[in-house]
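Each remark here refers to the structure printed beneath this line.
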Amino acid sequence: MSELVLKLEGIEKTYKRGQPGEVKVLRGASLDLQPGEIVALVAPSGAGKSTLLHIAGLLDTPDAGRVEIGGQEMSGRGDRRRTLVRREDIGFVYQFHHLLPEFSALENVMLPQLANGASRGAAKARAMELLGHVGVAARADHRPADMSGGEQQRVAFCRALANAPRLLLADEPTGNLDPGTSDQVFTALMRVARETGLAGLVATHNLDLAGRMDRVLEMNEGVLVKT
Ligand code: ADP
């Protein structure tokens, strides 16, 4: 069996608030994610999906439990190591695209590569390839404001994939799109995952899209259960 891209084991997280007290959000959440596998994370709002994605993406730390990326335990690692893994191995997509408004689609996809030491030529070639994969190459020179919501979100996917991460974490990536556009964005994501061995954990409210992913996990009382 190939190495797991992501392993979460017994993740616990409690937020301490003033009144009326603390909220125990995660109570022993566990999951294994294989290369090339896209898994849906389904739960009502407030159940802890974003919390779990932040912990998986090394943006937050659990109170208890293990986080492994590519077989390496991350909990005991220092900030520098965690930042490096986050930059090289993990891509994020959110409900809103967060593209930089003053840059073109092409530049938005080139920037993370340049920050990671790629040459301009290599960064441009990869950005064009990715934009082509998701059907927005013709919009490469457009700024985000001159693109549709679906195009913006497809560019955001390309940016998340720019440095060829092995893990994609997506938080309601189609939550802001109409059904037809959601479908286009989702189809593009699945195609890229199939072609590159990318693994993805995708929080969604859209049960139709969830059903088309490889597996669906439901978050229930702070643990993950198969549906
Ligand atoms: P979801 O993504 O499923 O909507 P979240 O992970 O955002 O759920 O939130 C889970 C619960 O934890 C909610 O009750 C939310 O109010 C609470 N929560 C999230 N982040 C914080 C925080 N930084 N401080 C206190 N409570 C938080």
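The structure presented is a predicted model; accordingly, all values stated were derived computationally and were not measured. Just so you know, ligand 1 is whichever comes first in the structure, and atom 1 is the first atom listed for that ligand. Residue numbers start at 1 and run along the sequence shown.
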**Request:** Report the nearest protein non-hydrogen atom to atom 15 (C) of ligand 1: residue, atom name, distance rounded to 0.1 Å.
**Result:** Arg17 NH1, 4.5 Å
**Request:** State whether the shortest distance between N or O atoms of Gly48 and N or O atoms of ligand 1 falls below 3.5 angstrom.
**Result:** yes
**Message:** Which option wins on minimum heavy-atom distance to atom 4 (O) of ligand 1: Ser50, Ala47, Gly46?
**Reply:** Gly46
**Prompt:** Roughly how far apart are Arg120 CZ and Met110 CE, rounded to 0.5 Å?
**Reply:** 4.0 Å
**Prompt:** What atoms in ligand 1 come closer than 4.0 Å to a heavy atom of Ser45?
**Reply:** 4 (O)
**Message:** Do Gln184 and Arg154 pair up side chain to side chain, a donor and an acceptor below 3.5 Å, judged on atom types alone?
**Reply:** yes
**Complete:** the protein heavy atom lying closest to atom 23 (N) of ligand 1 turns out to be Tyr15 CE2, 3.7 Å
**Prompt:** Should Leu26 and Val225 be regarded as members of a common hydrophobic cluster, given that ILVMFWY residues are connected when their side-chain heavy atoms come within less than 4.5 Å of each other, either directly or indirectly?
**Reply:** no
**Prompt:** Of all the atoms in ligand 1, which lie at a distance below 4.0 Å from a heavy atom belonging to Val25?
**Reply:** 10 (C), 11 (C), 12 (O)
**Message:** Check this for me: does any side-chain nitrogen of one of Asp63 and Arg27 sit under 4.0 Å from a carboxylate oxygen of the other?
**Reply:** no
**Prompt:** Would you say Pro44 touches ligand 1, if touching means a heavy atom closer than 4.0 Å?
**Reply:** yes
**Asked** To which protein heavy atom is atom 6 (O) of ligand 1 closest, and what is the distance rounded to 0.1 Å?
**Response** Thr51 OG1, 2.6 Å
**Asked** How about Asn116 and Arg87: do any of their side-chain heavy atoms sit closer than 4.5 Å?
**Response** yes
**Request:** Verify the distance criterion only: is there a donor paired with an acceptor across the side chains of Asp141 and Ser104 at less than 3.5 Å?
**Result:** no
**Prompt:** How about Leu189 and Leu168: do any of their side-chain heavy atoms sit closer than 4.5 Å?
**Reply:** yes
**Lys49 neighbourhood, listing ligand 1 atoms whose heavy-atom distance to it stays under 4.0 Å** = 1 (P), 2 (O), 3 (O), 4 (O), 6 (O), 8 (O)
